[in-house]
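Let me begin by presenting the structure, written as structure tokens, before commenting on it.
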Amino acid sequence: QVQLVESGGGLVQPGGSLRLSCAASGFTFSRYAMRWYRQAPGKEREVVATISSAGNTNYGDSVKGRFTISRDNAKNMVYLQMNSLRSEDTAVYYCNAVGAGGWGQGTQVTVSI
């Protein structure tokens with residue numbers, strides 16, 4: 001059974017940084033691409049960043065150059081380093097194993113003065 005537990009969210013001022021973590025279990029982590037999504041109030045869920053099983057990365061246009069996705073296959077963890085945060089980054093952030101199904105509870109990121 002796929003389990004994903006996100007953590008690391010919080011309240012941060014514009015221009016600040018946060019590092020999100022996602023602990024994965026219930027599947028062979030190293031074989032799956034991992035993805036971070038986010039969903040802001042009243043908006044559809046959008047893809048933030050993807051990392052393949054080989055470590056190749058892709059980012060949404062709105063976060064390129066500011067966010068970095070990484071993974072640690074030994075720990076079954078995926079991370080999202082978020083720098084230069086903006087108010088429009090405010091959302092609930094979720095991680096997902098591409099093709100494995102399952103969603104965690106998400107972690108709230110609020111960027112505000």
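Below, all heavy atoms of this structure are taken into account, side chains as well, without hydrogens, waters or symmetry copies.
Heavy-atom minimum distance, Ala40 versus Ala91: N-CB, 3.8 Å. Minimum heavy-atom separation, Leu4 to Ala24: CD2-CB, 3.7 Å. Of all heavy-atom pairs spanning Tyr32 and Val98, the tightest one is CD2-O, 3.3 Å. Between Tyr93 and Leu20, the closest heavy-atom pair is CB-CD1, 3.5 Å. Considering every non-hydrogen atom in both Tyr59 and Ala49, the closest pair reads CD2-CB, 3.6 Å.
Neither side chain, Thr50 nor Asn58, offers a donor N or O lying under 3.5 Å from an acceptor on the other.
Counting heavy atoms from C-beta outward, Pro14 and Ile113 have side chains that approach closer than 4.5 Å. Considering only heavy atoms from C-beta on, Asp89 comes within 4.5 Å of Arg66 through its side chain. Counting heavy atoms from C-beta outward, Leu18 and Leu85 have side chains that approach closer than 4.5 Å. Contact check for Ser84 versus Phe67: no side-chain heavy atoms found under the 4.5 Å cut-off. Side-chain atoms of Thr90 and Ser112, non-hydrogen and from C-beta on, never get closer than 4.5 Å to each other. Using a 4.5 Å heavy-atom threshold, the side chains of Ser62 and Glu88 count as separate. With contacts defined as side-chain heavy-atom distances shorter than 4.5 Å, the pair Gln81/Ser17 qualifies.
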Apply side-chain contact (heavy atoms from CB on, under 4.5 Å) to residues Ile51 and Val78 and explain how you reach the verdict. CA-CA 9 Å; Ile51 185 165; Val78 62; 4.2 Å; yes

Could you go through the side-chain contact (heavy atoms from CB on, under 4.5 Å) check for Thr107 and Val92 one step at a time? CA-CA 5 Å; Thr107 186; Val92 179; 6.0 Å; no

Given side-chain contact (heavy atoms from CB on, under 4.5 Å), test Met82 with Val109 step by step and report yes or no. CA-CA 10 Å; Met82 306 186 296; Val109 172; 3.8 Å; yes

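Distance check: Glu6 CD to Gln108 CD gives 12.0 Å after rounding to the nearest 0.5 Å. With values rounded to the nearest 0.5 angstrom, Ser30 atom OG is found 11.5 Å from Asp72 atom CG. Atoms OG and CE, on Ser7 and Met77 in that order, are 6.0 Å from each other to the nearest 0.5 Å. Taking CD of Gln13 as the start and OG of Ser87 as the end, the distance is 13.0 Å to the nearest 0.5 Å. Here the CG atom belonging to Asn76 is positioned 9.0 Å from the CE atom belonging to Met34, to the nearest 0.5 angstrom. Considering CZ of Arg71 and OH of Tyr79, their distance stands at 11.5 Å, rounded to 0.5 Å.
Remark: Arg38 is not positioned above the aromatic ring of Tyr94, lacking an NZ or CZ atom under 6.0 angstrom from the ring centre and at most 45 degrees off the axis.
Judged by distance alone, the side chain of Arg31 and the main-chain N or O of Phe27 form no donor-acceptor pair under 3.5 Å.
In summary, the aromatic rings of Tyr37 and Trp103 are positioned with their centroids under 6.0 Å apart.
Counting non-hydrogen atoms of other residues, nucleotides and ligands closer than 6.0 Å to CD of Gln1 gives a total of 12 or fewer. More than 12 heavy atoms of other residues, nucleotides or ligands shown are found within 6.0 angstrom of CD on Gln105.
By the 4.0 Å N-to-carboxylate-O rule, Lys64 lies close enough to Asp61 to be salt-bridged with it.
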